[in-house]
Amino acid sequence: MKEREVEAKRLVGKKTVRGKVYEYEYYTLPLNLYIPKSMVEKFGTKFSLHYDEDSGTITLRPTDLK
């Protein structure tokens, strides 16, 4: 099992629909894992990533709780 500390990056996207521009934000982790905004608001941006090579599962755990 591999373990490492990761930090979520905040990305801002823009989309044009019928001439109107909408902005949205989302969070991503390494390995192109997307994380819900509510999870970042609740636990912060630092997470512990556990990767089990045998079963291929990835587990995220917040490192410091608010």
Point-to-point distance, once rounded to the nearest 0.5 Å, from [atom1] of [X] to [atom2] of [Y]:
| X | Y | atom1 | atom2 | answer |
| --- | --- | --- | --- | --- |
| Glu5 | Arg61 | CD | CZ | 11.5 Å |
| Arg4 | Leu49 | CZ | CG | 6.0 Å |
| Thr57 | Tyr51 | OG1 | OH | 8.5 Å |
| Tyr34 | Leu29 | OH | CG | 11.0 Å |

Original post:
Among all residues two or more places apart in sequence or in another chain, which pass the side-chain hydrogen bond (donor to acceptor under 3.5 Å, both in side chains) test with Lys9?
Top reply: none
**OP:** Mind checking side-chain hydrogen bond (donor to acceptor under 3.5 Å, both in side chains) for Lys2 and listing every partner two or more places apart, or none if nothing turns up?
**Re:** Glu53
Subject >> Step-by-step side chain to side chain contact (heavy atoms under 4.5 Å, CB included) determination, Glu25 to Leu11 >> reply: CA-CA 6 Å; Glu25 65 181 9; Leu11 300 173; over 6 Å; no
Starting from [Y], can I reach [X] by hopping between I/L/V/M/F/W/Y residues whose side chains sit under 4.5 Å apart?
| X | Y | result |
| --- | --- | --- |
| Met1 | Leu60 | no |
| Ile58 | Phe43 | yes |
| Tyr24 | Val17 | no |
| Met39 | Val12 | no |

**OP:** Before giving the answer on side chain to side chain contact (heavy atoms under 4.5 Å, CB included), spell out for Val6 and Leu33 the whole-Å C-alpha distance, their side-chain angles and the decisive distance to 0.1 Å.
**Re:** CA-CA 11 Å; Val6 295; Leu33 298 173; over 6 Å; no
**OP:** Report yes or no: does Thr63 contribute a side-chain atom to a donor-acceptor pair with the main-chain N or O of Lys46 at less than 3.5 Å?
**Re:** yes
Subject >> Nearest heavy-atom neighbours spanning Gly13 and Tyr26 >> reply: N-CE2, 4.5 Å
